[in-house]
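Inspection log for the structure reproduced underneath, given as structure tokens.
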Amino acid sequence: MRTRVRRYGPPLLLISPSLVLVGVFVYVLIARNLWTSMTDNHTAAQANGRKDVSFVFLENYVALFKSPQFQHSLWNLVLFTAVFLVGAMIVGFVWAWLLERPLPGGRIFQTVYLFPMAISFVASGVVWRWLLNSNQGDSATGLNRLFQMVGLDALENPWWNQVAFGIAAIAIPAIWQLSGYVMALFLAGFRGVPDDLREAARMDGASSLQMYRHVIFPQLTPVLMSAIVIIAHMSLKSFDLIMSISKPANYQTKVPAVDMYVFKSSFDYANAAAVGTVLLAFIAILIVPYLIQQHRERTR
């Protein structure tokens with residue numbers, strides 16, 4: 001026992017403050033949020049303690065998933081995530097593939113592509129709100145006005161004000177802002193492929209296409225998985241960009257994070273907590289398998 005205390009005691013004492021802080025401000029609050037989501041705390045009186053709160057178990061979750069409003073929010077989230085993820089991955093990969101070869105001014109291009117990452121989603125959202133203005137015809141501004149000037153009037157559209165697919169328009173600024181980050185990930189992956197593998201492929205008579213297909217691209221699988229998890233995780237909890245371009249009351253751009261804000265603002269803490277728990281579950285489903293797979297690879 002003394003040997004174990006001497007061996008494990010100092011490390012445990014060293015990390016104990018972090019364990020306590022994480023335990024209280026992460027897991028205890030998650031448990032509290034889960035408890036709140038299973039109550040009937042829907043009014044200001046209950047939130048302020050002037051009226052009793054009862055335990056209702058999963059009633060709030062059942063009501064949420066039966067609600068057409070929340071179903072529309074989930075559909076918007078799926079659509080936003082799909083467009084954001086596919087767009088950022090394609091644009092970022094193409095940029096990385098082009099910059100992987102030595103090009104004049106390549107460093108300048110990398111800086112330009114990465115610059116949007118330094119801008120907050122709120123600041124870029126203000127600019128993109130003007131660019132994605134839905135006005136058409138004589139009152140058109142932003143991209144619609146640009147299409148008029150170059151003779152592409154057929155491309156004018158209401159952008160994020162379109163009910164069924166308006167949320168996909170908000171994925172455009174998200175792609176613009178994060179594709180540089182994806183480019184940096186893939187570029188690091190490209191440059192991490194040993195020159196010996198490339199040279200061996202050339203010695204075996206492989207063409208450039210065959211070398212990329214059979215040698216380089218398989219080496220980029222960990223980078224690809226990391227990029228997918230990061231971008232998908234960011235899209236699931238997107239809030240500031242959507243709020244900067246649209247408004248909480250706009251049906252066409254509702255996502256669960258916006259619903260949570262609306263519920264909380266109206267003192268409906270139970271439904272706000274339920275939406276937060278649903279988002280946490282989605283993120284856990286995405287990240288936990290990835291973390292397990294990464295842990296298995298490290299321990300081989």
Side-chain angles (χ1 to χ4, degrees), residues 61 64-65 67-96 116-117 119-122 124-125 128-129 131-132 157-186 220-248 250-263 272 274-294:
Y61 294 96
L64 272 178
F65 282 102
S67 169
Q69 298 279 341
F70 190 67
Q71 292 174 8
H72 178 72
S73 296
L74 290 176
W75 161 249
N76 278 348
L77 180 63
V78 172
L79 183 59
F80 177 81
T81 300
V83 176
F84 181 23
L85 180 61
V86 174
M89 297 298 293
I90 292 177
V91 175
F93 177 81
V94 171
W95 283 353
M117 287 186 58
I119 305 174
S120 69
F121 277 123
V122 174
S124 64
W128 279 96
R129 179 180 175 86
L131 288 173
L132 299 177
N157 63 86
W159 297 108
W160 56 270
N161 275 314
Q162 209 276 343
V163 175
F165 303 101
I167 192 66
I170 298 184
I172 297 175
I175 294 170
W176 171 80
Q177 195 151 2
L178 269 298
S179 56
Y181 176 70
V182 177
M183 176 207 68
L185 291 177
F186 277 115
L220 299 178
T221 301
V223 176
L224 175 65
M225 293 301 301
S226 298
I228 290 175
V229 169
I230 292 171
I231 297 300
H233 166 257
M234 295 185 68
S235 67
L236 286 175
K237 60 179 186 179
S238 292
F239 174 77
D240 43 2
L241 179 64
I242 297 173
M243 291 286 288
S244 300
I245 297 177
S246 180
K247 296 179 181 179
N250 287 343
Y251 175 78
Q252 59 270 26
T253 55
K254 277 165 46 69
V255 293
V258 175
D259 285 333
M260 182 170 59
Y261 171 80
V262 173
F263 283 135
V275 174
T277 303
V278 170
L279 286 176
L280 178 63
F282 286 164
I283 294 173
I285 291 171
L286 175 68
I287 292 181
V288 170
Y290 171 75
L291 294 177
I292 294 175
Q293 185 259 343
Q294 291 292 307

Minimum heavy-atom separation for [X] to [Y], with atom names?
| X | Y | result |
| --- | --- | --- |
| Gly125 | Ser244 | CA-CB, 3.8 Å |
| Leu132 | Ala169 | CD1-O, 3.6 Å |
| Ala232 | Leu286 | CB-CD2, 3.5 Å |
| Tyr61 | Ala274 | CE2-O, 3.6 Å |
| Ser73 | Pro256 | O-CD, 3.4 Å |
| Gln177 | Met117 | O-CG, 3.6 Å |

Keeping Asn76 on the side-chain end and Lys254 on the backbone end, is there a donor-acceptor pair under 3.5 Å?
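Present.
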Spell out, as yes or no, whether a donor-acceptor pair under 3.5 Å connects the side chain of Thr81 to the backbone of Val78.
no
What distance do [X] atom [atom1] and [Y] atom [atom2] have between them, rounded to the nearest 0.5 Å?
| X | Y | atom1 | atom2 | value |
| --- | --- | --- | --- | --- |
| Leu280 | Leu236 | CG | CG | 11.0 Å |
| Ile175 | Leu85 | CD1 | CG | 9.5 Å |
| Leu77 | Ile242 | CG | CD1 | 8.0 Å |
| Ile228 | Leu185 | CD1 | CG | 11.5 Å |
| His233 | Ile287 | NE2 | CD1 | 4.5 Å |
| Arg129 | Trp160 | CZ | CH2 | 4.5 Å |

Decide yes or no on side-chain contact (heavy atoms from CB on, under 4.5 Å) for Asn157 and Gln162, but give the supporting numbers first.
CA-CA 8 Å; Asn157 63 86; Gln162 209 276 343; over 6 Å; no
Under 4.5 Å between any side-chain heavy atoms of [X] and [Y], yes or no?
| X | Y | value |
| --- | --- | --- |
| Val278 | Phe65 | yes |
| Phe121 | Met243 | no |
| Leu224 | Phe186 | yes |
| Val182 | Phe93 | no |
| Trp176 | Ile119 | yes |
| Leu241 | Trp128 | no |
| Tyr290 | Ser226 | yes |
| Phe239 | Met260 | no |

Check the pair Ile245 / Thr253 against side-chain contact (heavy atoms from CB on, under 4.5 Å), numbers first and verdict last.
CA-CA 9 Å; Ile245 297 177; Thr253 55; over 6 Å; no
Please test Ile167 against Trp75 for side-chain contact (heavy atoms from CB on, under 4.5 Å), starting from the C-alpha separation and ending with a verdict.
CA-CA 10 Å; Ile167 192 66; Trp75 161 249; over 6 Å; no
